[in-house]
Amino acid sequence: QKEVEQDPGPLSVPEGAIVSLNCTYSNSAFQYFMWYRQYSRKGPELLMYTYSSGNKEDGRFTAQVDKSSKYISLFIRDSQPSDSATYLCAMTESGGSNYKLTFGKGTLLTVNP
Amino acid sequence: SQTIHQWPATLVQPVGSPLSLECTVEGTSNPNLYWYRQAAGRGLQLLFYSIGIDQISSEVPQNLSASRPQDRQFILSSKKLLLSDSGFYLCAWRPHRGTPQGTNEQFFGPGTRLTVL
C-alpha cells in the first residue's frame, strides 16, 4: 500500500459545480496536511494548510482532515474555469528532523465554462 | 517577501552532456532546500534536500548530484545525462525550524523543463 493515494482523475465538471478532491494515507503519524494547485507547466503553489483534524476554510476552498479515517478532502465551491489545474495533496509528520513531505500523485481537474 | 528563482526555464540537451540547474531563494535565511523531479504519471520525486550549506541528503541513487555553495543557492548537476533524466525539475524551500515562520509548508519555484534527446 502506498503511503498516500490520490485518484488521478481526470475530473471534468461544469462551471459552478462543487468539486471534491480526496486523498487517503496510511501513516498515522502524519500531522500536517497541505493542498497544492499546479497549473500546466508551472510549479505547484500552496493552496491550503491544516494541522491535525478539522476543517479550514479560505474563500471558495475548504480543507477537511479526518485523522481517524486517514482521509483528507479539498472542496471547491462555485468552481471556475480558472480552477482547472492539477491538485496535489501533501502531508508530513510533526517535529524531529523530518523535513520531507509525502505527496499524492495529483488529480487533474477541468472546469468547463 | 520571499521569492524563489530557477533557471533556465527550459533546456534541451543531448544524451551524455553535462547538466547544471540553479535555484536561488530571496528574502529568508538558512532555508531548507529541495530538488524534485516530476515525470508524467509519476508524481513528485524528491531527489535531494539540504538543511544547510554543504549539508545535502540524497533520496534516490542516480547520476545526479546537488550542491549548496551559498545559504540560498542550490544547484543540481550531472556529468552525463541519460534519456531517463528528462522531466520537470522543481526547487522548493521551507522556513528553517525554530524561526517564527517554522512550519512545514514547502514553496516551489517555477521549474525547469529538461528534455534529453
Side-chain angles (χ1 to χ4, degrees), chain A residues 1-10 21 23-25 27 29-52 56 58 61 63 65 72 74 85-108, chain B residues 1-7 9-11 21 23 25 30-52 55-60 87-99 101-115:
Chain A
Q1 182 185 11
K2 294 182 180 177
E3 272 200 297
V4 179
E5 300 271 8
Q6 184 176 8
D7 186 340
L21 304 167
C23 288
T24 59
Y25 62 94
N27 186 349
F30 286 147
Q31 296 268 18
Y32 296 90
F33 303 91
M34 285 140 268
W35 286 96
Y36 287 85
R37 177 176 62 196
Q38 185 176 21
Y39 292 115
S40 179
R41 306 180 79 84
K42 302 290 185 182
E45 60 178 308
L46 182 66
L47 198 58
M48 298 285 283
Y49 169 78
T50 53
Y51 171 68
S52 196
K56 185 174 183 178
D58 184 2
F61 299 90
V65 176
I72 68 170
L74 178 70
T86 296
Y87 290 79
L88 300 159
C89 64
M91 49 200 76
T92 189
E93 301 176 24
S94 65
S97 60
N98 193 314
Y99 304 99
K100 296 181 283 188
L101 296 179
T102 301
F103 286 88
K105 288 191 174 182
T107 300
L108 178 61
Chain B
S1 64
Q2 300 85 13
T3 57
I4 178 169
H5 304 278
Q6 284 186 249
W7 64 89
T10 59
L11 193 59
L21 303 181
C23 170
V25 181
N30 197 21
N32 296 331
L33 296 173
Y34 306 82
W35 277 113
Y36 290 88
R37 178 169 58 207
Q38 190 175 37
R42 298 191 62 184
L44 281 168
Q45 180 185 30
L46 179 62
L47 302 175
F48 301 94
Y49 70 94
S50 171
I51 61 172
Q55 298 180 69
I56 297 168
S57 297
S58 173
E59 288 293 298
V60 182
F88 191 42
Y89 287 82
L90 289 157
C91 181
W93 74 275
R94 195 198 82 160
H96 184 68
R97 285 179 63 85
T99 67
Q101 292 173 288
T103 51
N104 289 293
E105 310 101 300
Q106 292 179 18
F107 302 94
F108 287 84
T112 294
R113 188 160 301 278
L114 172 66
T115 303

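Chain letters run A, B, ... following the sequence lines, proteins first and then strands; every chain starts at 1.
Residues A/M34 and B/E105 come closest through the heavy atom pair SD-CA, 3.8 Å. The two residues A/G43 and B/L90 have their closest heavy-atom pair at CA-CD2, 3.6 Å. B/Q106 and A/Y36 get closest at one heavy-atom pair: O-OH, 2.6 Å. In this structure, B/N104 and A/Y49 approach most closely via the heavy-atom pair N-OH, 4.0 Å.
Taken from CG in A/L88 to CZ in B/F108, the straight-line distance is 8.0 Å, to the nearest 0.5 Å.
Heavy-atom distances place no part of B/Q6 under 4.5 Å from chain A, backbone and side chain included. Residue contact with chain B, scored on non-hydrogen atoms closer than 4.5 Å, involves the backbone and the side chain of A/P44 alike. For B/I51, the part lying near chain A is the side chain, with the backbone staying farther off; criterion is any non-hydrogen pair under 4.5 Å.
Put simply, the side chain of B/F88 reaches to within 4.5 Å of the side chain of A/Q38, judged on heavy atoms.
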